[in-house]
Q: 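To start, I am sharing the structure in question, which I have written as structure tokens.
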Amino acid sequence: MPAYRPEEIEKKWQAHWKQHSTFQAHNHSDKPKYYVLDMFPYPSGAGLHVGHPLGYIASDIVTRFKRLKGFNVLHPMGFDSFGLPAEQYAIQTGQHPALTTDQNIETYIKQLSSLGFSYDWNREIRTSDASYYKWTQWIFLKLFNSWYNLDTNRAEALTDLTARFAERGSEGVRAAGDDGDRQVFTAGQWQLFTEHQKLAAVHSYRLAYQQDTYVNWCPGLGTVLSNDEVKDGLSERGGYPVERRLMPQWNLRITAYADRLLAGLDTLDWPDAVKEMQRNWIGRSIGAEITFPVQDHAHAQIKVYTTRVDTIYGATFLVLAPEHELVNELTTPGQRAAVDEYIAATKRRSERDRMADTKTVSGVFTGAYGLNPVNNEPVQIWLADYVLAGYGTGAVMAVPSGDQRDYLFAQHFGLPIPAISDAQQGLDQQADPTKEGRYINSGIINGLTYKEATTKLIAYLEEKGLGRGKVNFRIRDSIFGRQRYWGEPIPIYYKDGTAYGIAESDLPLVLPEISEYKPTETGEPPLGRAQNWLYRDQYPYELSTMPGWAGSSWYYLRYMDPTNEARFVSEEAEQYWGTVDLYMGGAEHATGHLLYARFWYLFLKDLGLVSSNEPFQKLINQGMILGRSNFVYRASLGWTAINASGDIVSQDHLVHPFLFVSKTAFEILTSPNSFKQDSHFEIKISEKLGVMRDNMQTRYPEYKFEVEAFGIGNNTGFTPLHVDVNFVDNDILDINAFRGWREEYNNAEFIFEDNNTYLCGVETEKMSKSKYNVVNPDVLIGKYGADALRLYEMFLGPLEQYKPWNTNGISGVGSFLKKFWRLFHPEDGDLAVTDEPATPAELKALHKAIQKAQEDIEKFSFNTSVSLFMITVNELTALKCHKRAILEPLVVLLSPYAPHLAEELWEELGHAAGSISHTPYPEFREEFLVEDNVIYPLAINGKVREQMQFAAAATAAEIETAVLASDFLARFGEGKSAKKVIVVPGRMVNVVV
RNA sequence: GCCGGAGUGGUGGAAUGGUAUACACGAGGGACUUAAAAUCCCUUGCCUUCACGGGCUUACGGGUUCGAGUCCCGUCUCCGGUACCA
């Protein structure tokens with residue numbers, strides 16, 4: 001084998017691995033197991049850019065390393081293949097989303113294979129396959145047929161609940177969810193219920209239930225979105241406006257698990273940022289629910305939720321959400337018109353306006369008064385849209401001296417702001433939420449501290465039946481339906497308007513074919529178009545489909561046993577593989593997927609179907625690779641054309657050439673204080689304009705032209721435009737490629753740098769098509785090989801960090817691989833590895849590498865291991881080392897990073913093809929690192945002055961004596977004497993003077 | 001606002017409290033070549049000096065320490081997340 005030719009050896013080994021299923025993981029093994037999971041990709045039409053494989057490369061390195069360390073590694077890949085983009089495309093083109101999805105998956109598999117990833121492709125799954133979504137539907141039915149028992153703190157079968165109803169009625173059942181929605185009945189009444197009535201009574205207990213819910217409705221996409229799919233009031237996909245709307249929806253009762261989801265976080269080895277995001281998302285707060293009677297309305301009561309009961313004497317008014325159920329009843333005739341108008345105005349405001357506009361204070365007085373339960377003081381009842389209907393009770397007691405938002409409201413509407421603590425300060429300026437000091441103006445808690453007051457008030461309110469301590473969560477039940485086609489059908493049918501789950505034996509409920517993917521004319525979801533789509537030929541099915549996160553909430557379990565037709569995963573497989581040991585993926589899933597998947601896992605655990613508490617033990621977020629955009633600077637030119645009779649004519653029909661100025665020219669010409677000495681660019685421009693004018697003259701001889709450049713000396717005359725980074729090398733523009741890019745640039749003219757190149761501007765931005773900064777891995781693999789790309793992505797910097805992509809550096813790892821190759825093939829000829837014994841220097845280089853390579857992988861510090869390999873190869877090259885004893889272990893060390901190269905060299909060294917993947921990792925032997933002598937830096941007061949060599953065995957005292965006996969102090973001590981000598985054995989000596 | 005993370009050469013970045021700037025890119029110079037590519041060698045934090053050398057430097061200001069990029073306190077900037085959550 002002559003020179004290093006990645007294109008040949010990479011294809012060869014990829015084919016070998018595929019043909020021999022080299023990376024197949026077995027469900028029975030004596031080896032310890034290790035499960036490495038990549039986050040489930042959605043196969044988008046754009047394919048992969050260089051940012052995508054970052055995490056896959058890292059996880060593949062870990063996978064291959066663990067195999068060498070003797071683990072049975074599960075490292076699967078599959079596709080989250082239901083989803084919006086394919087469906088949007090289907091609506092536009094009429095093409096079935098399954099088709100485009102399949103094509104996209106093929107592209108993904110091709111690209112992933114070309115990077116040399118060691119997936120067990122025999123376990124590939126796709127969420128849109130009926131054999132997979134059968135089990136997603138099955139889990140849904142389990143949720144549908146379960147309730148959450150607060151006494152046992154776990155999900156239980158609904159049949160247990162109905163048995164209990166039959167025996168004892170609804171009395172004493174403590175279930176997760178809102179008891180306000182539930183009926184109260186005796187066992188006798190239950191037994192007299194019709195089937196219909198029973199189902200209605202039971203519905204509000206289910207973990208999957210249908211309810212009128214305020215949703216994020218996105219008219220642009222024709223569907224509802226979950227909170228984590230909405231960013232700044234716009235849909236995350238497509239950027240369409242989103243509005244609040246009350247609609248019947250399927251929901252999953254994730255709130256039942258809020259406490260366990262929160263507590264479980266403490267057991268996980270995850271980035272703090274992700275854990276913190278989940279904590280905030282769950283949003284547990286400890287407070288109290290307090291009832292305010294309403295003046296002149298004997299039956300009306302307003303319940304508020306507060307985390308600061310201690311401030312109740314400062315509550316001078318109440319604020320209800322505009323949607324609050326008592327609004328109508330409480331509004332006095334005098335305020336009726338104002339209230340109606342306010343509610344109407346609130347509805348008109350989109351969610352986005354409401355979020356954008358948190359500064360303006362708005363609200364309206366209802367005319368009614370509540371009574372503060374601790375002192376019977378009347379307090380005004382207001383409406384304002386800063387109070388959310390969905391959180392707490394939809395009503396707050398406003399304490400203007402303690403809460404800034406209440407303060408602003410009170411100030412705006414001229415309501416009183418009484419102080420409640422002797423520690424509050426600056427109340428003429430702003431609220432002070434302090435918990436310090438003693439209470440004042442506060443009835444029974446005057447003089448008490450925060451802690452004392454809270455305890456006393458809760459006891460007092462509980463005794464009077466007007467309040468109780470309560471824990472609240474910010475998290476809401478998850479909406480579990482989309483008014484879309486391309487998703488799992490929800491396995492529900494309706495009989496006389498009542499929802500039934502279909503029989504498990506009838507699963508899967510296959511997604512029917514339809515003629516068009518749009519909603520029906522009557523506004524039903526696309527599934528309304530399905531012909532004769534009825535359960536058992538008579539009952540209509542639910543028409544919404546599951547959201548994107550349904551299939552991805554349990555996929556990691558299916559990989560353990562992907563083809564099982566009898567069970568979602570066999571007990572054996574689940575017990576062998578357990579949970580994911582390393583989960584690699586992006587931080588964007590922090591509050592969506594990662595929370596839903598944990599929820600489903602806990603639910604399955606309650607049903608006894610899985611054996612642990614948390615599905616993902618260790619999580620690593622790979623940072624995003626940002627694009628490096630290049631810019632050209634277009635000059636604004638003013639053309640004048642004059643015809644034969646001397647009139648200025650319109651030029652719409654003429655083609656004008658563009659003029660682009662290089663970066664330095666742009667910077668000088670747009671700088672407001674450019675001086676005359678920099679004016680050579682202006683001269684260049686006016687010369688160039690002359691040439692351009694002459695060219696126009698030649699092209700359109702019927703006119704006379706004048707042209708000038710606008711805006712020199714400020715920023716208006718030049719427009720920075722993104723230029724495709726593929727036309728740019730080291731920020732130098734390829735003029736010919738650029739001219740050929742677009743027709744209108746064919747005749748473009750340029751003002752160059754002084755070295756006659758066109759230098760582009762640079763900025764770091766997200767990688768995206770529209771910014772022309774997307775770098776395609778296929779191109780780089782073609783040029784440098786997959787091994788080089790793998791190494792380079794790791795070499796860029798710490799895995800978790802966000803970092804800009806710059807293709808320039810890849811040549812460095814390219815030459816490293818060639819150097820590595822040359823250790824084996826010095827003359828670019830046949831293998832020249834010798835069996836000579838290794839020298840101590842060579843052994844030291846090798847064992848340093850073995851030690852550090854392992855440490856680095858265990859710390860997920862891949863960038864430093866690449867540097868380490870470079871250093872090792874530089875050392876061995878300098879030592880002219882071509883010895884098997886050194887190179888053979890070194891190939892194994894490198895193999896997780898550059899597997900193709902390693903396989904090839906391994907085979908050349910005489911090993912069976914493909915066997916490097918399961919060979920043992922070289923053993924580190926410390927004795928090779930031991931040196932006879934150590935060079936110590938000598939410092940005066942911490943400042944290093946020179947070096948001195950000592951025997952490695954020398955004691956601190958010996959070194960101190962030797963240093964003081966030398967002329968070191970005389971030369972650097974500035975005549976002072978040593979006060980103290982610090983000797984750090986093996987490291988350094990510091991003399992204090 | 002709140003919660004995370006990060007500030008080190010022209011660039012990406014390295015550094016168990018112990019010689020800051022490893023490794024790589026880029027740049028400059030040289031060798032080989034008819035030439036190019038490839039490859040190899042030298043220089044490359046900043047200031048100062050003909051040179052030897054000297055001084056300064058890890059966002060900024062303090063502190064702890066024999067010794068701080070690293071630990072502590074304060075400030076600033078950037079990035080990510082989140083937000084009328086009562």
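For the numbers below, each heavy atom of this structure counts, side chains included, while hydrogens, waters and symmetry mates do not. No experiment lies behind these values; they were computed from the predicted model shown. Lettering follows sequence order; numbering is per chain, from 1.
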Q: Work out how far the C1' atom of B:rC78 is from that of B:rC60, and round it to whole angstrom.
A: 15 Å
Q: May I have the distance from A:Arg5 (atom CZ) to B:rA38 (atom C1'), rounded to whole angstrom?
A: 13 Å
Q: If you check the A:Asn280 side chain, which of B:rG18, B:rC3, B:rG26 turns out closest?
A: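 Nearest to the side chain of A:Asn280 among the choices is B:rC3.
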Q: For A:Asn472, report the nucleic acid contact type (base, sugar-phosphate, nothing); a contact means any heavy atom under 4.0 Å.
A: nothing
Q: Out of A:Tyr897, A:Phe862, A:Phe820, which residue meets the ring pair (Phe, Tyr, Trp, His ring centres under 6.0 Å) rule with A:Phe869?
A: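 When ring pair (Phe, Tyr, Trp, His ring centres under 6.0 Å) is applied between A:Phe869 and each of A:Tyr897, A:Phe862, A:Phe820, only A:Tyr897 qualifies.
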Q: Select base, sugar-phosphate, or nothing to describe what A:Pro798 touches, counting heavy atoms under 4.0 Å on all strands.
A: sugar-phosphate
Q: Any side-chain heavy atom of A:Val934 within less than 4.5 Å of one from A:Phe950?
A: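 Result no, sub-4.5 Å side-chain heavy-atom pair not found.
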Q: Which is true for A:Lys859 with a 4.0 Å heavy-atom rule: it touches a base, it touches only sugar-phosphate, or it touches nothing?
A: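 If one applies the 4.0 Å heavy-atom cut-off, A:Lys859 turns out to touch nothing in the nucleic acid.
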Q: Could you give the CD1-to-P distance, from A:Ile732 to B:rU11, as a whole number of Å?
A: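 Atom-to-atom, A:Ile732 to B:rU11, this comes out as 17 Å.
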Q: With a cut-off of less than 4.0 Å, is there a side-chain N or O of A:Lys275 near OP1 or OP2 of B:rG5?
A: no
Q: Of the options B:rG18, B:rG4, B:rA15, whose atoms approach the side-chain atoms of A:Met988 most closely?
A: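 Among the listed nucleotides, the one closest to the side chain of A:Met988 is B:rG18.
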Q: Look at the side chain of A:Asn863 and decide which nucleotide, out of B:rC84, B:rA15, B:rG13, has an atom nearest to it.
A: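 Side chain of A:Asn863 sits closest to B:rG13.
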Q: Determine whether A:Arg468 and A:Lys470 satisfy the following criterion, side chain to side chain contact (heavy atoms under 4.5 Å, CB included), listing intermediate values before the conclusion.
A: CA-CA 6 Å; A:Arg468 63 196 170 98; A:Lys470 197 184 174 190; 4.0 Å; yes
Q: Would the A:Phe317 and A:Phe413 ring centres measure less than 6.0 Å apart?
A: no
Q: Is any side-chain nitrogen or oxygen of A:Lys979 closer than 4.0 Å to OP1 or OP2 of B:rC66?
A: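 Looking at the OP1 and OP2 atoms of B:rC66, neither is under 4.0 Å from any side-chain N or O of A:Lys979.
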Q: Could you please name the option among B:rG18, B:rC25, B:rG4 that lies closest to any side-chain atom of A:Ala273?
A: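 Within the option list, the nearest is B:rG4.
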Q: Just N and O in the side chain of A:Gln801: are any of them under 4.0 Å from OP1 or OP2 of B:rG13?
A: yes
Q: What nucleic acid atoms does A:Asn808 come within less than 4.0 Å of, heavy atoms only: base, sugar-phosphate, or nothing?
A: sugar-phosphate
Q: Could you tell me whether the phosphate oxygens of B:rC85, OP1 or OP2, come under 4.0 Å of any side-chain nitrogen or oxygen in A:Arg405?
A: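 Checking B:rC85 against A:Arg405, a side-chain N or O does come within under 4.0 Å of OP1 or OP2.
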Q: With the side chain of A:Lys818 defined as its heavy atoms from C-beta on, choose the nearest nucleotide among B:rA83, B:rU39, B:rC23.
A: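 The answer is B:rU39, which lies nearest to the side chain.
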Q: Give a yes/no on whether any side-chain N or O of A:Asn874 is located under 4.0 angstrom from OP1 or OP2 of B:rA24.
A: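 Yes, because at least one side-chain N or O of A:Asn874 sits under 4.0 Å from OP1 or OP2 of B:rA24.
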Q: Could you tell me the separation between the CD atom of A:Glu289 and the C1' atom of B:rC85, rounded to a whole number of Å?
A: 15 Å
Q: Checking understanding here: a glycosidic angle within 90° of 0 is syn, the rest anti, so what is B:rG9?
A: syn
Q: If the plane angle is over 60° it's perpendicular, under 30° parallel, otherwise tilted; pick one for A:His589 and A:His593.
A: perpendicular
Q: When rounded to the nearest Å, what value does the distance between P atoms of B:rC52 and B:rC72 take?
A: 41 Å
Q: Say we look at B:rG13 and B:rG80: how far apart would their P atoms be, to the nearest angstrom?
A: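 Taking atom P in both B:rG13 and B:rG80, they lie 16 Å apart.
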Q: Send over the distance from A:Glu875 CD to B:rC23 C1', rounded to a whole Å.
A: 12 Å
Q: What distance, rounded to whole Å, do you find between the two P atoms, one in B:rU44 and one in B:rU77?
A: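 About 37 Å, rounded to a whole number of Å.
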Q: Have a look at A:Val396 and say if it touches a base, only the backbone sugar-phosphate, or nothing, with a 4.0 Å heavy-atom cut-off.
A: base
Q: Just call it for A:Arg476: base, sugar-phosphate, or nothing, with non-hydrogen atoms closer than 4.0 Å on any strand.
A: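 Here A:Arg476 touches the bases of the nucleic acid.
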Q: By nearest nucleotide on RNA chain B, pick out whichever of A:Val989 and A:Val274 is the more 5' one.
A: A:Val274
Q: Can you confirm whether or not the ring centre of A:Trp281 sits under 6.0 Å from the ring centre of A:Phe473?
A: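 Ring-ring flag for A:Trp281/A:Phe473: false, centres at least 6.0 Å apart.
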Q: Please determine whether a side-chain nitrogen of the Lys or Arg among A:Arg279 and A:Glu276 lies less than 4.0 Å from a carboxylate oxygen of the Asp or Glu.
A: yes
Q: Select one nucleotide: of B:rU39, B:rC23, B:rC66, the one nearest the side-chain heavy atoms of A:Ile982.
A: B:rC66
Q: Measure from the side-chain heavy atoms of A:Tyr391 and tell me the nearest of B:rU19, B:rG67, B:rC85.
A: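 From the listed options, B:rC85 comes nearest.
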Q: Has A:Lys818 got its NZ or CZ under 6.0 Å from the middle of the six-membered ring of A:Tyr4, at an angle within 45 degrees of the ring axis?
A: no
Q: Taking atom P of B:rU82 as reference, at what distance in whole Å does atom CD of A:Glu588 sit?
A: 11 Å
Q: For the C1' atoms, the ones on B:rG28 and on B:rU19, what distance do you get once it is rounded to whole angstrom?
A: 28 Å
Q: May I ask you to decide whether A:Glu931 forms a salt bridge with A:Lys844, counting only side-chain N to carboxylate O separations under 4.0 Å?
A: yes
Q: For B:rU19, does the base pair up with any side-chain atom of A:Arg945 as donor and acceptor (N or O, under 3.5 Å, distance only)?
A: no
Q: Both A:Val991 and A:Ser867 contact RNA chain B. Which one's nearest nucleotide lies toward the 5' end?
A: A:Ser867
Q: With pairs defined as Watson-Crick or G-U wobble and both distances under 3.5 angstrom, please note down RNA chain B as a dot-bracket string, | for pairing with another strand.
A: (((((((..(((.....[....)))((((((.......))))))((((....))))..(((((..]....))))))))))))....
Q: Considering only atom P, compute the distance from B:rU39 to B:rC46 and round it to an integer number of Å.
A: 27 Å
Q: Mind calculating the distance between CZ (A:Phe968) and P (B:rU19) to the nearest angstrom?
A: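 Computing the A:Phe968:CZ to B:rU19:P distance gives 15 Å.
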Q: Is the closest basic N to carboxylate O distance between A:Glu875 and A:Lys848 below 4.0 Å?
A: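 Yes, A:Glu875 and A:Lys848 are salt-bridged.
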Q: Could you check which of B:rU82, B:rC85, B:rA14 has an atom nearest any side-chain atom of A:Leu388?
A: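 Closest nucleotide to the A:Leu388 side chain: B:rC85.
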Q: Starting at CE of A:Met624 and ending at P of B:rG81, how long is that distance when rounded to a whole Å?
A: 8 Å
Q: Does A:Asp269 come within less than 4.0 Å of A:Lys275, counting only side-chain N to carboxylate O?
A: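 Not counted as a salt bridge, because no side-chain N and carboxylate O are separated by less than 4.0 Å.
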Q: In this structure, how many angstroms lie between the P atom of B:rG13 and the NZ atom of A:Lys803, rounded?
A: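 Result: 8 Å.
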Q: Considering only B:rA15, B:rU19, B:rC3, which nucleotide approaches the side chain of A:Val944 most closely?
A: B:rU19
Q: Check whether any side-chain N or O of A:Tyr802 sits under 4.0 Å from OP1 or OP2 of B:rA6, and answer yes or no.
A: no
Q: With P as the reference atom in both, quote the distance from B:rG55 to B:rA20 in angstrom, rounded to an integer.
A: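 After rounding to an integer number of Å, I get 13 Å for this pair.
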Q: If we take the C1' atom in both B:rG69 and B:rC32, what is their distance in whole Å?
A: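 To the nearest whole Å, 43 Å.
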Q: Which listed nucleotide (B:rU19, B:rA86, B:rC23) is nearest to the side chain of A:Pro937?
A: B:rU19
